[in-house]
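Note sheet for the following structure.
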Amino acid sequence: VTVLPFSVNAAADDVIATFTGGADMGDAGIDLTAPEIAENGNTVPVEVSAPGASAILLVATGNPTPGVAQFNFGPLAGSQSASTRIRLAGTQDVVAIAKLADGSFAKASSTVKVTIGGCGG
Amino acid sequence: MASGVKPRVKVPKKAAAGDVITIKSLISHKMESGQRKDKEGNLIPRSIINRFTVEFNGQSVLDMTMEPAISTNPYVQFEATVPEAGDFVFTWYDDDGSVYDTTKSVAIG
């Protein structure tokens with residue numbers, strides 16, 4: 001799969017801007033756990049955690065469609081954390097953004113090296 | 001309707017009131033991303049589960065939006081507070097309009 005990194009990053013920025021409304025993002029209050037190296041991009045385990053957050057957005061900046069998932073936590077959430085498995089088209093930055101309790105946004109990112117892409121191309 | 005869809009959820013049968021429990025959920029689904037091509041080079045149309053919700057006695061625990069970047073057989077692990085005895089309702093929404101759900105009861109004690 002051939003993709004232009006520039007346009008892909010612009011799409012990721014769009015997804016993030018839709019979530020934050022263009023607000024500034026801090027870097028405290030959110031944790032993103034992802035492997036440094038993923039042998040198989042078809043199923044990469046990731047975990048996000050942001051105590052007190054109402055929502056967490058997960059973005060794969062190098063995927064053809066950068067949006068991955070959005071977690072909205074309800075009143076009975078035991079913690080504002082979740083883990084799942086995602087597809088990565090290639091080596092790239094995975095970004096998590098949390099909407100914190102005070103309405104501000106926090107961002108964490110992690111570079112994942114992918115040996116076999118999960119794009120099926 | 002996608003074939004062979006089967007939800008599986010792991011919830012403790014018992015908890016103390018106010019406990020935080022860990023829930024693991026998985027649904028077998030091919031999660032066709034809409035990016036792949038078949039042998040003839042035609043794009044295989046997207047067919048994924050786009051939303052997953054969890055409620056306990058009608059109150060929201062988690063409402064998750066899924067995109068094609070979620071892996072085949074979507075797996076989600078999270079935590080929930082159990083204030084009283086009751087039922088967890090897990091619901092998955094498919095692109096094709098199908099809705100799959102399953103219920104798990106939790107007792108206090």
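By convention in this document, chain letters (A, B, ...) are assigned in the order of the sequence lines, proteins followed by strands, and residues within each chain are numbered from 1.
Note: B:Met31 CE to A:Thr43 OG1 = 11.5 Å, rounded to the nearest 0.5 Å. Rounded to the nearest 0.5 Å, atoms CD (B:Glu79) and CD (A:Gln80) are 9.5 Å apart.
Contacts between residues 80-93 of chain B and chain A, defined by a heavy-atom separation under 4.5 Å, are made by B:Ala80, B:Thr81, B:Pro83.
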Would you give me the side-chain donor-acceptor pairs under 3.5 Å for residues 65-74 of chain B, sequence neighbours excluded?
from: B:Ser71; atom 1: OG; to: A:Asn42; atom 2: O; distance (Å): 2.7
from: B:Ser71; atom 1: OG; to: A:Arg85; atom 2: O; distance (Å): 3.3
from: B:Ser71; atom 1: OG; to: A:Ile86; atom 2: N; distance (Å): 3.4
from: B:Ser71; atom 1: OG; to: A:Ile86; atom 2: O; distance (Å): 3.2
from: B:Thr72; atom 1: OG1; to: A:Arg87; atom 2: NH2; distance (Å): 3.0
from: B:Asn73; atom 1: OD1; to: B:His29; atom 2: N; distance (Å): 2.9

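Linking Ile, Leu, Val, Met, Phe, Trp and Tyr whenever their side-chain heavy atoms come within less than 4.5 Å leaves B:Met64 and A:Val59 in two separate clusters. A:Val46 and A:Val112 end up in the same hydrophobic cluster when Ile, Leu, Val, Met, Phe, Trp and Tyr side chains are linked at under 4.5 Å. Cluster membership check: B:Phe56 shares its hydrophobic cluster with B:Val54, using side-chain heavy-atom separations under 4.5 Å among Ile, Leu, Val, Met, Phe, Trp and Tyr. Hydrophobic clustering, with ILVMFWY side chains joined whenever heavy atoms are under 4.5 angstrom apart, keeps B:Val20 apart from A:Phe71. A:Ile97 and A:Leu100 sit in two unconnected hydrophobic clusters of ILVMFWY residues. Membership requires side-chain heavy atoms under 4.5 Å apart, directly or through other members.
Proximity of a side-chain donor or acceptor of A:Thr84 to a complementary backbone N or O of B:Tyr75 within less than 3.5 Å is detected. Of the possible polar contacts, one joining the A:Asn72 side chain to the B:Asp63 backbone as a donor-acceptor pair under 3.5 Å is found.
Residue A:Asp102 qualifies as enclosed at atom CG: its count of foreign heavy atoms under 6.0 Å is above 12. The environment of CG in A:Asp27 is sparse: at most 12 heavy-atom neighbours from other residues, nucleotides or ligands sit within 6.0 Å.
Across all their heavy atoms, A:Ala82 and B:Phe78 have their closest contact at CB-CB, 4.3 Å.
For a residue to count as touching a neighbouring chain, one of its non-hydrogen atoms must lie under 4.5 Å from one of that chain's; by this rule B:Val61 touches chain A with backbone and side chain alike.
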